[in-house]
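Positions are given from 1, in the same order as the sequence printed here.
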Amino acid sequence: MKKSLLIILFTICFVSLMQGQTEDIYQKYFPDPTHDMPVPITKGNPVFNYFTQYKDVIAFIQELAAKHSDIMTVGSIGTTQKGKNQPMVLLTRKSKIADQDKLRVTFIGGIHGNEPLSTDGMLYLMYLVTNDPANTALLDKVILQVIPMVNADGRTAETRASNNSTDLNRDLTILNAKESVNLKIEINKFDPHVVIDFHEFSPARMDFRELNDCYTSAYDILFLYTGNLNVDPAIRSMVKNVFVEPTKTFLIGKGRRVADYCTTFMKDNQVWLNIGGIASRSSATNYALQNRISMLMEIRGLSEKEKSAKRRIETSALTALSYLKIAHDNEAEIKEVVKTATKNAVEGTRLSVVTSKPETIQRDYHFVDKCKVSDTTIVFNANYNVNQTPIIERPKPGAFLIFPASEKAKKVLSVSGVSVKTTTQPSQINEAEQYSVNENGQIIIIKETVSIPEGALVIDSQQAMSNVIADLIEPDGSNSLYTNKIIRKKSKENLIPIYRISREQLSQLSTK
């Protein structure tokens, strides 16, 4: 009996000690700001209400807009699968520059429902822009769009995915969810020069347990920006050098630890880092392919819930303010880079990069040891996706033809901003190029005479979205319509119903 009692007492003391040490981590490394933050979740018990509920998000936005109706208007990008409003806010101030001539910036939050503080960060940002004259002055050159809560259904349920179990940040190519379609249509309508998407990351990745059960990430915020080689080089350069690096410096000055975004994977029984990304299913690349300055920000959170919630909300808002000020200060240069990238896309002279490989580097990663309440650094091997080397490249054709084409393929192309025409009468083209799958499973191009039916899709490569076209239509790309089985091989054949034609052949087609 005495032995059992001792074990119980020891267990209670040990657990209490560990809990105390866990709290010490947040007090030591991630302390909350002490100043007032007039966001709903900062009132009441944060343990049971660590993020602002849906109805209170809507109420906060409406109340703020009523107080600042001269600079803030509230709209919507649509509704979720369960009928919840997806709010959209526009912030601008009358100045000598007309709204249609201002630099357009979009901030997005709440794509993943279990990352709710990305929304609260946007609420605090709107408060800071409307209540601080220095921030309001930025609206003289910039019109700011905030879409704070894309996945309201997931937020209410505290689940990552939408109501039909779709991960919305893996859906920007395939467009299986209503929320993704609403978002893409709104982005194309507003046509922002700059798009920033805010998320939360889990600081305790599964693979870190291979190193030490006590390790958790030491970072407040991670920067994800694309290395996709179909993105115009000037866009990629501006993202990294004009936006990311100065914002890292700014946040370090505010006491935050920063790094490039990474995931982990196992290789040769070792934990490797996978830094950055190139996949167009995610916003960082998807909007950059549209010739926009695009980044995805990962704020420490997810499994943290109420821990350091105020700090995380402030980190989101500070990051957004940094980007807003950079946009204001570099307005003319940003417009010129976007204009040049669009011109390059229309000319269609750059090669399409179908597949590529990342640079292999070594990279420090900082951890906090929860058990010892200390920090440590480990050097990892890493795939550095920001720097890519092409493997398969192809010249852009004059145009692509797709037939037969499903309504899904038409929808994905049009919602992605691609201009699509259809043939109005049957015709024949000699020496058209068609994709074929050889006996080794590789995709090759063959030449043949093609009979084109009325209603075939015609996608001119010389348009503003030509980088998007390369990503969606080149079939061996990792995010293509073919890879995602939206376009399929012809029955019992190894031919893919996608054709490449020249400018001269395109001029022979009758289209509408």
Applying side chain to side chain contact (heavy atoms under 4.5 Å, CB included) to K254 and D220, what does each step give before you reach the verdict? CA-CA 11 Å; K254 295 292 183 179; D220 287 281; over 6 Å; no
Please step through side chain to side chain contact (heavy atoms under 4.5 Å, CB included) for the pair H193 and V105, ending with a clear verdict. CA-CA 6 Å; H193 300 88; V105 176; over 6 Å; no
Kindly indicate, with the supporting measurements, whether the criterion side chain to side chain contact (heavy atoms under 4.5 Å, CB included) is fulfilled by D140 and I97. CA-CA 7 Å; D140 288 346; I97 305 174; over 6 Å; no
What verdict does the side chain to side chain contact (heavy atoms under 4.5 Å, CB included) test give for V89 and M72, after you've listed the backbone C-alpha separation in whole Å, the side-chain angles of each residue and the deciding distance to 0.1 Å? CA-CA 7 Å; V89 172; M72 180 174 171; 3.8 Å; yes
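Note that the CE atom of M88 and the CG atom of L183 stand 11.5 Å from one another [nearest 0.5 Å]. Summarising the geometry, atom CD1 belonging to I108 is positioned 4.5 Å from atom CD1 belonging to I187; distances are rounded to the nearest 0.5 Å. The line from CE of M122 to CG of L125 is 5.0 Å long, rounded to the nearest 0.5 Å. D171 CG to S283 OG: the interatomic distance, rounded to the nearest 0.5 Å, is 12.5 Å. Rounding to the nearest 0.5 Å gives a distance of 8.5 Å between CG of L172 and OG of S416. Within the model, atoms CG of L128 and CG of L318 stand 7.5 Å from one another, a figure rounded to the nearest 0.5 Å.
Checked by atom type, the side-chain pair D260/Y225 shows a donor-acceptor distance below 3.5 Å. E186 and Q145 form a side-chain donor-acceptor contact under 3.5 Å, judged by distance and modelled atom types alone. Looking only at atom types and distance, the side chain of N176 has no donor-acceptor partner in the side chain of T166 under 3.5 Å away. Defined by atom type and a distance below 3.5 Å, a donor-acceptor pair is present between the side-chain atoms of S76 and N85. Looking only at atom types and distance, the side chain of K178 has a donor-acceptor partner in the side chain of T79 under 3.5 Å away. Remark: the R300 side chain and the T216 side chain contain an N/O donor-acceptor pair separated by less than 3.5 Å. Counted by atom type alone, Q81 and N164 present one or more donor-acceptor pairs between their side chains at under 3.5 Å. D369 and T376 share no side-chain donor-acceptor pair at under 3.5 Å. Checking T285 against S282 by side-chain atom types alone, no donor-acceptor pair falls below 3.5 Å.
Among all heavy-atom pairs drawn from L289 and S280, the shortest one is CD1-CB, 3.7 Å. Summarising the geometry of L90 relative to F190, their closest heavy-atom pair is CD2-CE1, 3.8 Å, with the distance given to 0.1 Å. Taking every heavy atom of both residues into account, P87 and I58 meet most closely at CG-CD1, 4.0 Å. The two atoms that bring T173 and V412 nearest to each other are O-CG1, 3.2 Å, heavy atoms only. Contact record, A218 with F30: O-CE2, 3.6 Å, taken as the closest heavy-atom pair. Heavy-atom minimum distance, T377 versus H366: OG1-ND1, 2.6 Å.
The aromatic rings of Y323 and F243 are tilted relative to each other, their planes meeting at an angle between 30° and 60°. Taking the six-membered ring where the residue is Trp, F367 and Y365 present tilted rings, their angle falling between 30° and 60°.
Salt-bridge formation is detected for the pair R155/D120: a Lys NZ or Arg NE/NH1/NH2 atom is positioned less than 4.0 Å from an Asp or Glu carboxylate oxygen. A salt bridge does not link K67 to E63: none of the charged side-chain nitrogens sits closer than 4.0 Å to a carboxylate oxygen. A salt bridge does not link R311 to E314: none of the charged side-chain nitrogens sits closer than 4.0 Å to a carboxylate oxygen. The pair R312-E304 does not count as a salt bridge, with every side-chain nitrogen at least 4.0 angstrom from each carboxylate oxygen.
Annotation: cation-pi geometry satisfied between R363 and Y384 (NZ/CZ under 6.0 angstrom from ring centroid, within 45° of ring axis).
Put simply, the side chain of T136 gets close to the backbone of V129: a donor and an acceptor are under 3.5 Å apart. Between the side chain of T226 and the backbone N or O of I278, no donor-acceptor pair lies under 3.5 Å.
Remark: H112 pairs with H199 by the ring-ring contact (aromatic ring centres under 6.0 Å, His included) rule, at least two apart or across chains. Residues that satisfy the salt bridge (Lys or Arg N to Asp or Glu O under 4.0 Å) test with K141, not counting sequence neighbours, are absent from this structure. Here R292 pairs with D191, Q290 under the side chain to side chain donor-acceptor pair (under 3.5 Å) rule; sequence neighbours left out.
Annotation: side chain of Y287 is not in contact with side chain of I235 (no heavy-atom distance under 4.5 Å).
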